[in-house]
Amino acid sequence: MDRMTFDVVVIGGGPAGRALARACAHEGLHTAIVDRRPDRPWTATYGAWADELPPNTSTRSVSTTVRAYAREEHQIQRTYVVLDNAKLHELPDTVEVLQRPEAARYTFNATGARKGRAEQTAVGTVIESDSTETTLMDWRGNGDTFLYTVPLGGNRLLVEETCLARRPGMPLQELRERLHARLAPGEEEERVRFPLDAPRATDDAFGAAAGFIHPATGYSVATSLQLAPRVAGAIQANEDPRHVIWPKKARIVHAMRMRGLEALLRFSPDETLDFFEVFFRLEPEEQRAYLSGREDVKGTAAAMLALFRTTPGHLRWKLLR
């Protein structure tokens, strides 16, 4: 029997890989996904800004009140959501699930972030709470780590002790001890470790494997969900999908964000607090541009310039190094 040739084979069955496989199938492309453990449950919590997501993205919880704490309290003028893992996991019947790659016109690596040196690490626990608010960052307490809290629905709240960026990352055991010093552990634990400075892919990759992780936030799933239909559309139109994955403007913004990460890594805990106090005082559109404007060169540059102009003098030289 002749070996089957697919239009698209996606290697990796995480949120990014499945989003791309779904989008390709929706375009009528003969699609397969390589997932050796397709029934493995996802325990990670995927959060995103609501305005980053495609229409009709299924969510598990929604927070219209989002706060951050640096030196002072700040309210963020955006809606934050936790994504529905069960919906992210779904595939149409037309997508074949493989145990190993087969021949295809396009094969995408969606197996997760490539190796880097600067990491974000976190340890979380789920507790009972009727809160509907998200705390994006709460720097009050341990100085070089912050609390991230997000409602999961059903009177459940995820509380994570997070080290935003360090080279190498803060050990998970140390984060666990800090978290348990704040509150008793719940029944579930969530552990996070991924590179912030993984290289941008030049081959056919997608999701974190392509370098989608935002160096300042650690987020990548929303970008994958945004781009999956565009990549599938390019393939259907016989266009090069790499022009969608990494257009020129996105490459420029990525380089600018990586410069921002290097500055952040040079800050002491007190300097980090000063920096985020300035960041959360930026205009909402400036914050949004830096956090979410993947192809917004002008907006990202304006946000970085506003940060530089308003950052205390003792930090400016670290922004320029």
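In this pair, Phe108 and Tyr106 present their aromatic rings parallel. The plane angle is below 30°, not in the 30 to 60° band. Taking the six-membered ring where the residue is Trp, Phe212 and Phe206 present perpendicular rings, their angle passing 60° and hence far from 30°.
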Before you tell me yes or no, could you show the steps for Thr65 and Thr132 under side chain to side chain contact (heavy atoms under 4.5 Å, CB included), namely the whole-Å CA-CA distance, both residues' side-chain angles and the distance that decides it to 0.1 Å? CA-CA 8 Å; Thr65 300; Thr132 59; over 6 Å; no

Side chain to side chain contact (heavy atoms under 4.5 Å, CB included) between Leu307 and Leu282, intermediate numbers included: CA-CA 8 Å; Leu307 270 172; Leu282 293 179; 3.8 Å; yes

Gln77/Gln75 under side chain to side chain contact (heavy atoms under 4.5 Å, CB included): CA gap, chis, key distance, verdict: CA-CA 6 Å; Gln77 303 300 318; Gln75 185 160 339; 4.0 Å; yes

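You'll find the side chain of Val278 reaches within 4.5 Å of the side chain of Pro312, heavy atoms only. Residues Glu96 and Glu102 fail the side-chain proximity criterion, which asks for heavy atoms closer than 4.5 Å.
Here the closest non-hydrogen pair linking Gly124 and Glu160 is CA-CG, 3.5 Å. In terms of heavy atoms, Pro38 sits closest to Arg36 at CD-C, 3.5 Å. Summarising the geometry of Pro151 relative to Thr134, their closest heavy-atom pair is CD-OG1, 3.5 Å, with the distance given to 0.1 Å.
Summarising the local packing, CD of Glu72 is surrounded by more than 12 heavy atoms from other residues, nucleotides or ligands at distances under 6.0 Å. Few gaps surround NE2 on His89; more than 12 heavy atoms of other groups in view lie less than 6.0 Å from it. The number of heavy atoms from other shown groups lying within 6.0 Å of CD (Glu187) does not exceed 12. No more than 12 heavy atoms of other residues, nucleotides or ligands shown are found within 6.0 angstrom of CZ on Arg117.
No donor-acceptor distance shorter than 3.5 angstrom exists from the side chain of Ser63 to the backbone of Val66, with no hydrogens or angles considered. Side chain of Asp51 to main chain of Thr79: no donor-acceptor pair is present (N/O by atom type, distance under 3.5 Å, no hydrogens or angles). Between the side chain of Asp296 and the backbone N or O of Ala289 there is no donor-acceptor pair closer than 3.5 Å. Remark: side-chain polar atoms of Thr107 are not paired, donor with acceptor, to backbone N or O of Val8 under 3.5 angstrom. Between the Glu286 side chain and the Glu283 main chain, a donor and an acceptor come within less than 3.5 Å of each other. Checking side-chain atoms of Gln226 against main-chain N and O of Glu52 turns up a donor-acceptor pair under 3.5 Å. For the pair Arg67 (side chain) and Thr135 (backbone), a donor-acceptor distance under 3.5 Å is absent. Distance alone, capped at 3.5 Å, is enough to place a donor-acceptor pair between the Glu277 side chain and the Arg71 backbone.
For the residue pair Arg294 and Thr223, no side-chain donor N or O sits within less than 3.5 Å of a side-chain acceptor on the partner. Side chains of Glu161 and His180: a donor-acceptor N/O pair is absent below 3.5 angstrom, by distance only. With hydrogens and angles left out, the side-chain atoms of Thr111 and Asn109 include a donor and acceptor closer than 3.5 Å.
Going from atom CG of Leu98 over to atom CD1 of Ile33 covers 9.0 Å, rounded to the nearest 0.5 Å. Taken from CG in Leu179 to CD in Glu189, the straight-line distance is 8.0 Å, to the nearest 0.5 Å. Remark: Leu91 CG to Arg22 CZ distance equals 6.5 Å, nearest 0.5 Å. Taking CE from Met170 and CZ from Arg193, the interatomic distance works out to 11.0 Å, rounded to the nearest 0.5 Å. Atom-to-atom distance recorded for Ile213:CD1 and Leu261:CG is 11.5 Å, nearest 0.5 angstrom. With values rounded to the nearest 0.5 angstrom, Asp7 atom CG is found 5.0 Å from Arg105 atom CZ.
Taking the centre and axis of the six-membered ring of Trp246, the NZ or CZ atom of Arg200 falls inside the cone set by 45° and 6.0 Å.
Aromatic pair Tyr69/Trp139: ring centres not closer than 6.0 Å.
Among Leu225, Thr59, Leu83, the single residue meeting the side chain to side chain contact (heavy atoms under 4.5 Å, CB included) criterion with Tyr46 is Leu83.
Both Met256 and Leu264 are part of a single hydrophobic cluster, where members link through side-chain heavy atoms under 4.5 Å apart. Cluster membership check: Leu291 shares its hydrophobic cluster with Phe308, using side-chain heavy-atom separations under 4.5 Å among Ile, Leu, Val, Met, Phe, Trp and Tyr. Val192 and Met137 sit in two unconnected hydrophobic clusters of ILVMFWY residues. Membership requires side-chain heavy atoms under 4.5 Å apart, directly or through other members. In the hydrophobic clustering of ILVMFWY residues, with side-chain heavy atoms under 4.5 Å counting as a link, Leu175 and Phe146 come out apart. Side-chain heavy atoms closer than 4.5 Å link hydrophobic residues (I, L, V, M, F, W, Y) into clusters, and following such links, even through other members, never connects Tyr148 to Leu157.
Salt-bridge check for Lys87 with Glu90: passed, with a basic side-chain N closer than 4.0 Å to an acidic carboxylate O. Between Arg167 and Glu262, at least one side-chain N (NZ, or NE/NH1/NH2) sits under 4.0 Å from a carboxylate O, which counts as a salt bridge. Salt bridge Glu295/Arg230: present, at least one basic N to carboxylate O contact under 4.0 Å.
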